Amino acid sequence: MPVPSAPPTPGVPLAALLARADLGLRRIAGPDGADVTVHGAHTSELPDPRPYLLGGELLLTAGVQTTGVSFDPQTPFDTYVERVAEGGATALGFGLAPVHDTVPPGLVAACDRHGLPLVEVPPRTTFSGIARAVWDLMAQARHAELRRVTEAQQALASAAARPDPVRAVLRQLAQRTGGFALLVAADGAEPHEAGPRPAGPVHAALTALTQVVRPHTSRLLPTPASAADTVADTHLSAYALSTGGALGLATQGRSAGDHTIAGAAVVLLSLLAGAHRSADDTQRAAALVDLLLGADRAEAASALLGPGLWKVVHARPNTAAVPAPALGTPLAGTSADGTVTLALFPADQEIPPYEGCALGVSAPVRPADLPLADAQAAHALARARATRTPLVRHRPDGTPAPTPAALAGQPALLETLRTWLALHGSWESAALALGVHRNTVRQRIARCASLLDTDLDDPDVRMELWFALRHTP
């Protein structure tokens with residue numbers, strides 16, 4: 001029987017809810033809340049709540065369904081508790097009053113038999129109050145996770161600037177994820193590792209997993225950028241490095257935060273790893289460290305990626321049940337809310353659609369213009385989701401993005417266009433801001449459209465011109 005997956009949100013320990021004095025909750029059956037994680041609270045009085053559960057919920061009930069006839073008379077609560085467990089609920093909350101003054105002993109026994117924590121909810125505590133407490137605790141957990149990721153990225157960046165950067169980065173990665181990190185060189189050697197070394201079978205499985213992401217000339221298909229496995233309750237991850245080597249990571253848990261931290265380490269190690277680093281490698285590593293420590297983004301991006309053109313890809317699963325796509329590039333990460341995968345690709349690399357996901361692809365840009373490409377990819381992803389299209393490309397016909405170069409030497413037109421765009425195309429507001437008649441604004445904007453040879457009614461054109469004008473004196 002498949003186990004329903006919990007939503008991709010940070011959960012909170014059931015013990016944290018039980019510790020809230022204002023709720024007055026009490027566990028009366030099943031395992032304690034130390035190892036039980038709650039991802040939400042849902043109220044249902046249905047005899048079979050399975051169709052309405054995502055997995056990971058604290059299911060709240062007042063026991064109205066116990067008056068039904070769908071229960072085995074010998075074990076009247078076994079069927080219900082079994083359904084709750086099959087639906088993926090991690091715990092059951094039973095409210096006292098108005099239906100029951102006490103928790104039915106049969107329900108207590110059934111929860112003990114099925115290993116489902118049963119929580120008694122006193123009459124003074126409302127189900128909506130419990131739901132609010134769950135969401136508050138989840139928000140605190142998410143904030144703590146974001147802070148952990150930020151601090152880890154800063155620590156990795158600082159480690160990359162130390163005299164022995166590869167070992168320092170690996171040590172920080174192992175420390176920040178609480179796991180074991182293994183670096184595999186292009187020739188298959190394992191020159192560096194950090195963290196508590198796992199047992200033999202786990203270590204062997206991790207080494208084998210790194211082989212999956214390392215390039216082999218005998219393969220007919222492209223080498224994946226990442227791979228994952230689970231051995232003896234240990235989660236294994238492997239990531240390809242641009243040097244031909246791989247990074248292996250073994251942790252006791254699996255979270256989006258750990259994936260983001262590992263992604264930062266992959267970029268750093270791709271630049272740092274190798275017995276011989278060229279001057280270009282050293283320059284890129286220094287640029288990356290400068291970027292992470294607050295240097296100018298455009299200059300650092302050009303130093304890191306070189307003079308070529310790049311595309312930005314935004315990918316988002318259509319449903320929570322679909323995992324984030326492995327886009328096949330080490331230059332990948334996630335958005336701040338963890339819902340969108342962000343990736344960089346060389347301009348000449350083809351981006352295929354991924355089943356169950358929506359993708360937005362930017363136009364090719366120079367490294368200094370990556371913020372513009374990021375906005376393009378975000379708009380393309382929004383259109384893909386709105387139209388239920390697997391993949392939408394920005395400017396699929398290949399026409400170049402508009403630039404204000406044709407307006408050089410005409411400050412009145414540049415100022416009018418900049419003001420009009422800043423005021424979202426409002427003729428009245430632009431005329432008032434410029435101190436001219438609205439017909440003058442219309443004439444100037446029409447002249448701009450003619451000189452630029454573009455459609456200023458197109459929101460994408462307006463967006464591109466706005467970004468371009470920000471860098472135009």
Side-chain angles (χ1 to χ4, degrees), residues 1-14 31 34-39 53-57 85-90 115-116 141 145 148-149 152 170 173-184 188 190 193-214 221 223-241 245-266 269 317 319-328 330 332-334 338 341 354-357:
M1 173 173 43
V3 178
S5 59
T9 54
V12 296
L14 177 61
D35 298 324
V36 178
T37 302
V38 174
H39 289 269
L53 297 177
L54 291 173
E57 297 94 345
E86 287 179 356
T90 55
L116 182 69
E145 181 72 354
R148 181 178 77 91
V149 170
L170 279 180
L173 176 61
Q175 177 182 341
R176 298 290 173 166
T177 60
F180 170 76
L182 172 69
L183 180 66
V184 180
E190 301 178 5
E193 62 180 49
R197 190 182 181 93
V202 175
H203 185 275
L206 181 62
T207 300
L209 193 64
T210 60
Q211 302 301 315
V212 175
V213 299
R214 289 181 54 237
L221 298 176
T223 303
S226 62
D229 195 6
T230 302
V231 177
D233 296 329
T234 300
H235 184 83
L236 308 179
S237 303
Y239 303 88
L241 303 180
L247 170 66
L249 183 64
T251 58
Q252 291 303 309
R254 173 64 170 168
S255 70
D258 285 343
H259 180 71
T260 303
I261 295 170
V266 166
L269 292 172
T319 64
V322 177
L327 295 177
T334 55
T341 299
Y354 286 78
E355 184 177 356
C357 297

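This one's a predicted model, so the numbers in the text were calculated from it and none came from an experiment. What's counted below: heavy atoms across the whole structure, side chains too, no hydrogens, waters or symmetry copies.
- With V231 as the partner, the side chain to side chain contact (heavy atoms under 4.5 Å, CB included) test is satisfied by one option alone out of L206, L209, L236: L236.
- The distance from the NE2 atom of H259 to the OG1 atom of T341 is 6.5 Å, given to the nearest 0.5 Å.
- Nearest heavy atom pair, residue L170 against residue A181, reads CD2-CB, 3.8 Å.
- Scanning all heavy atoms of the two residues, the minimum distance from G87 to L53 falls at O-CB, 3.5 Å.
- One distance of note links CZ of F180 with CD of E193; it measures 4.0 Å at 0.5 Å rounding.
- Counting heavy atoms from C-beta outward, I261 and L173 have side chains that approach closer than 4.5 Å.
- Taking all atoms of both residues into account, the shortest heavy-atom contact from P317 to C357 is CA-SG, 3.8 Å.
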- Task: In sequence, state the C-alpha distance, the side-chain angles, and the governing distance for V38 and E57, and then conclude on side-chain contact (heavy atoms from CB on, under 4.5 Å).
- Result: CA-CA 6 Å; V38 174; E57 297 94 345; over 6 Å; no

- Full working for side-chain contact (heavy atoms from CB on, under 4.5 Å) between V184 and L241: CA-CA 9 Å; V184 180; L241 303 180; over 6 Å; no

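- Rounded to the nearest 0.5 Å, atoms CD (Q252) and OG1 (T234) are 4.0 Å apart.
- To the nearest 0.5 Å, the span separating CG on L14 from OG1 on T37 amounts to 9.0 Å.
- Two residues are said to be in side-chain contact when any heavy atoms from C-beta on lie closer than 4.5 Å; R148 and T260 fail this criterion.
- Put simply, OG1 on T90 and CG on D35 are 12.0 Å apart, with the number rounded to the nearest 0.5 Å.
- Residues meeting the side-chain contact (heavy atoms from CB on, under 4.5 Å) test with T251, sequence neighbours left out: T177, H235, L249.
- Contact detail for G115 and P31: the closest heavy-atom pair is O-CD, 3.4 Å.
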